[in-house]
Amino acid sequence: MKSDSPTRVGKGKVVTAVFLKDIQIELRSRVVTNQVLPFAGLVMVMFAFALDNDDVLQRVAGGLVWLATLFSLFIIVQRSFAIDTADGALDSLRVAGIDLSAVFFGKAIALATKLIALEIVLICSAVLLYRVDVSATGLVLLVTCVLCATSGLAFVGTLYGGLTAGAKGRETLLPLLLLPVVAPVLIAATRATEAAFGSGGAQTSEGWAWIGLLAVFAAVFGVGGSLAFGSLIDE
Amino acid sequence: MKSDSPTRVGKGKVVTAVFLKDIQIELRSRVVTNQVLPFAGLVMVMFAFALDNDDVLQRVAGGLVWLATLFSLFIIVQRSFAIDTADGALDSLRVAGIDLSAVFFGKAIALATKLIALEIVLICSAVLLYRVDVSATGLVLLVTCVLCATSGLAFVGTLYGGLTAGAKGRETLLPLLLLPVVAPVLIAATRATEAAFGSGGAQTSEGWAWIGLLAVFAAVFGVGGSLAFGSLIDE
Amino acid sequence: MSQVLQRTSPTGTRTTKVIGALALLVMAWVVVSGLILTPQDVVQGESVRIMYVHVPSAWIAYLAFIFTAVASASWLISKKHSMGFDRFAGASAEVGVMFMAITLITGSLWGRLTWGEFWQWDPRLTTTAFLFVTYVGYLAVRRLEGSVEQRARRSAVVAMLAVLEIPLVHFSVVLWRSLHQGATVLNPNGDVKMDDLMLFTLFSGVVGFTLVFVWLVLHRQRTMLLVDIANRQGLDAAIAARQTESLVK
Amino acid sequence: MIVSFSDVVVVYDNFPALAGASFEVSSGEIVLLQGPNGAGKTTLLRACAGLLPIARGSANVLSCDLTSDRHSVRRKVGLLSHANGLFQDLTVEENMSFWSRLIGASNQDVKTAMHIMGLSDRLSTTRVANLSAGQKRRCALATLIVRRAQLWLLDEPHAGLDTQGRDELDKTLRAAREAGATVMFASHEIDRAQNLATRSLTVVGGLVTES
Amino acid sequence: MIVSFSDVVVVYDNFPALAGASFEVSSGEIVLLQGPNGAGKTTLLRACAGLLPIARGSANVLSCDLTSDRHSVRRKVGLLSHANGLFQDLTVEENMSFWSRLIGASNQDVKTAMHIMGLSDRLSTTRVANLSAGQKRRCALATLIVRRAQLWLLDEPHAGLDTQGRDELDKTLRAAREAGATVMFASHEIDRAQNLATRSLTVVGGLVTES
Ligand code: HEM
Ligand SMILES: Nc1ncnc2c1ncn2[C@@H]1O[C@H](COP(=O)(O)OP(=O)(O)OP(=O)(O)O)[C@@H](O)[C@H]1O
Ligand SMILES: Nc1ncnc2c1ncn2[C@@H]1O[C@H](COP(=O)(O)OP(=O)(O)OP(=O)(O)O)[C@@H](O)[C@H]1O
Ligand SMILES: [Mg+2]
Ligand SMILES: [Mg+2]
């Protein structure tokens, strides 16, 4: 047995390994499927039920989709880091001496994957339950909006999830930190979705301005996260 | 050191011990205060922001309060049993050979305490944010509604929390099981609260019919829970 | 170490005394001018006088948060990681949160007078509230357990991300259709539509609040230093106590 | 007979961790369970405590028939698992007083147990989360000592303890035996364990043999 | 010198778990850390791995200065904590392949490590949550073995293992030493540990003394 350190591993491989691990655990434990989805579905149904009025429903449809996504974000982030801290695996990751910005991207991509799966279900149920019509141009806008908003949420969720993981009692900080930061995403995504849905006579074109904001947000937290994640998670 | 078993402990003492333990842990870890409350607050604020329309807001105020409570219920229940299972304390509880129906009541009362604290904040913020007026008779209705609905939620939450605690992977079952059962509570409590708030011209008197339903629900799950909890938690 | 403590015990210095006196002077002028000398507004009546507190406090809060970010960046970049930067960042954020609270409170009161409501779900108001919450979160991060270096590193990252919210608040009136006053003073066109004395009073307010800010930050950063020193002395005692464990056993 | 198992099978999902275990333990014994990892020692101890359903065979502990009723036995046994069963957010003292309140132990007993396990003074007001591994184990043992069970079941009780703690534990178990209790414990520290035990059983592949 | 600590203080909140520890470890040693519960052994090992900030004193591990940079040392050390650092929902194989992918170990290494620790066959496809305590520990050790670290830090590596596992572990550590690695480990199983170690240090009350 040679005792030289193994060669350093490329960033891409670490990203893939972390991503696969997170997805594999989700497939085993089914937290998103069994726990978050019914949760999010309930919001949609209850509102359809509470506001039995097509006009109002169509107006709130966009907001509801993103509100439900945001809640799910909290739960998924918390769960995703709870898995790593449960048996001290986070410590092992830190001691592995790997590039923590790769861990950041791996976890963020896994988080985004879960969020997108969720959003697809939510948007479809909004279309069905609230009788929303989406035009072809609206669809393009919607898809762009989902992609931009989700990457922003995934980046910021992973970043602050890392900050609040680890020491006991710290996890209670997560909502406090995350709330004010994701609020703009919520607003921008809601407005863009409303434009795509044509709620309240909104034009599709109005939506694209919001996409810009979402893209800036995603870029800021993508770069910021990959730089800062290491020093936040790591003490 | 004598090796006779200690005398069996009265039920009341067990209830108190379990209740105090749960509350003490909450006071230390501040999950409800720091994590659930901001969460629930967000629902209220985001809705106010998304639907900046006094009429609609007043109409949905009641529903929002109870929807937010329901979300919080999931998180609090999960957390409350996670604490017990984390280091195998639930096993120790089972081996202690104590009356498990006393544990049921202890945990349910602790849960209800946390929920009521939360509801007070939610209702106050609804009143402030959504400019709801509550009359004196409405207030009586509201307080009764909160008490009945909360005990129902606390009983059913503790019962199913116990069922899904313990074995790995089972906790993902909780929302699936809990959702259909608490839906009636959500509806009844919403209607009663709307009556208390006078939303959409509802009369206070209309609310009392719903209170009956809530009281029956609480009674059924109080009795059922105290009988079934032992055999559910305990395998 | 205790000598250091004694020597530095009073947090004031000659500079802070001068700044404090100046701040008092300017603020006295703002009170006189704001409440008596300036005219009432055509539309808003007497309530316009709230502006002399509301607007400066908002701007000084921005200034405080920007200082926090700059100090944090300096800490991260500097080779020596001097703790002074970190203490300055923390002190500035604390004072900034206080000023932001003043903005929120005076704004609500003003809103009650002009819109009839304490609170509206208006973009400027909402984003301001979020900015406030963000920095409360920042202060919470500073209180997490860990060493001083950990505190500095964590909070520096948060501060540099949080400061990006300021443009969002400032431009929220443009981004969203807003009830709130648009950029009247700092408007992009550069033409100010305001009575000269009002404008002068407003800027006196800004100067006065800046002086108050500087005075508070200097003192606060000083007390933070003292707390750190006291903690270090507490640690000396704790180390001594811990070492005796080895003798007992 | 305090414990008598005959052809007991215990399954997890589809895996029979005990595959026909038969043995007996009589009053006043200190029985060591030894055997390789994954042999079924933990499973055996948990089955004795009435925590696992018996799939086949007959099991009798302290005159309770575990195949028909796994509940009544629990009041009489004390179990130390691999996990400590403590609340991480509470202090040592609070944990102790919670468990002692549940079983109706006196304050004096609690004090004595904490003293035996060296948890007085500073440690008593420390949150369990901030204890060292061995200190947590000591706390778990202290909650067990106040139980004064008729049958003590301990899963690797020595692991994590320092030498002084191990001596103290051995003394405690011997004293419990003097007072009429019976002890079964699993251990991989064969030397110390055989010194303590009055008899030892070997568990391999879900079967129990005398050794 | 592989490790050299001089007057190192490490604090949790306000408690100095290491209160001025000084010692040196040179290449090729197998150093045993012994001492009572709560002495600071775990803290010492974690500090060596660059996981804890050094409040005072100077610490140098594998030519990295821990006071200024706690990161670069991590690639070179392997740490076995009290906790196993495994993902409970993944199988043994999946855990192994995750960790080996992260550090770029070969498939052959993984197979060998799993074989050494007796985790081939049925166990390799078992979820970690369904392993016995000792089997989990074996899995954690296997992830450590594939690391081929220059400095091995092990916190009570023998606890939970059966006799055969302990022998295997000792053999592995001796082989690692032959191959040029240095080993530090904490243990309460003094006899076996002293047999394995080339030198032993005593940790008491946050101080380190030669013994
Ligand atoms: C709670 C309620 C309010 C909050 C949170 C609030 C917040 C703010 C903030 C953050 C600024 C600084 C904006 C910037 O320069 O970026 C500001 C400026 C200002 N506010 Fe308010 N405000 C509130 C209510 C009001 C009301 C009711 C009025 C008057 C009707 C008002 C009038 C102004 C004016 C005139 C400025 C200066 C605008 C400029 O020249 O840029 N505010 N407010
Ligand atoms: N997270 C923490 N917060 C505060 N104090 C802690 C923390 N972890 C450990 N301690 C304290 O630091 C001291 C040293 O702990 P450490 O875990 O290093 O001991 P140890 O020598 O490994 O003991 P053991 O043999 O029990 O494993 C103990 O007194 C413990 O109470
Ligand atoms: N929850 C579970 N689900 C499925 N199989 C399990 C479970 N727990 C244990 N097993 C399996 O049952 C067998 C016996 O486990 P047990 O924990 O009783 O072993 P043990 O003798 O205590 O071992 P150790 O010395 O490692 O503690 C092991 O092979 C293990 O893989
Ligand atoms: Mg075992
Ligand atoms: Mg230790």
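In what follows, chains are A, B, ... by sequence order, proteins preceding strands, each numbered from 1.
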N-O pairing of E:R74 and A:D99 below 4.0 Å: no

Side chain A:D87, main chain E:A83, donor-acceptor under 3.5 Å: no

Using the side-chain hydrogen bond (donor to acceptor under 3.5 Å, both in side chains) criterion, which residues pair with A:T193? Sequence neighbours excluded. A:W66

Neighbour count above 12 (heavy atom, 6.0 Å) for E:K111 NZ: no

Per-residue contact mode, A:A17 against chain E (heavy atom under 4.5 angstrom): both

Per the ring pair (Phe, Tyr, Trp, His ring centres under 6.0 Å) rule, what does the pair list look like for residues 92-131 of chain E, sequence neighbours excluded? E:F87-E:F98

Just how far is it from atom CZ of E:R127 to atom OG of A:S29, taken to the nearest 0.5 Å? 9.0 Å

Report yes if some heavy atom in the side chain of A:R28 is under 4.5 Å from a heavy atom in the side chain of E:T91; otherwise report no. yes

Who among E:L80, E:L79, E:N84 has the most heavy-atom pairs with chain A under 4.5 Å? E:N84

Got E:R101 and A:L20 here, is their nearest side-chain heavy-atom distance under 4.5 Å? yes

For chain E, which residues of residues 105-116 of chain A have at least one non-hydrogen atom nearer than 4.5 Å to it? none

For the CG atom of E:L51 and the CZ atom of A:R94, what is their distance to the nearest 0.5 Å? 5.0 Å

Given A:V14, A:V103, A:I25, the one with more heavy-atom pairs under 4.5 angstrom with chain E than any other is A:I25

So, taking the atom named CD1 in A:I98 and the one named CG in E:L102, what distance separates them when rounded to the nearest 0.5 Å? 4.5 Å

Any salt bridge (charged side-chain N to carboxylate O under 4.0 Å, His left out) involving residues 26-54 of chain E? Give me the pairs, sequence neighbours left out, ordered by first then second residue. A:D91-E:R46, E:E29-E:R199

Looking only at heavy atoms, what is the nearest atom pair of A:V95 and E:R147, with distance? O-NH1, 3.4 Å

A:K21 NZ to E:S97 OG distance, which is reported to the nearest 0.5 Å: 12.0 Å

Against chain A, label E:S100 side chain, backbone, both or neither, depending on which of its atoms sit under 4.5 Å from a heavy atom there. neither

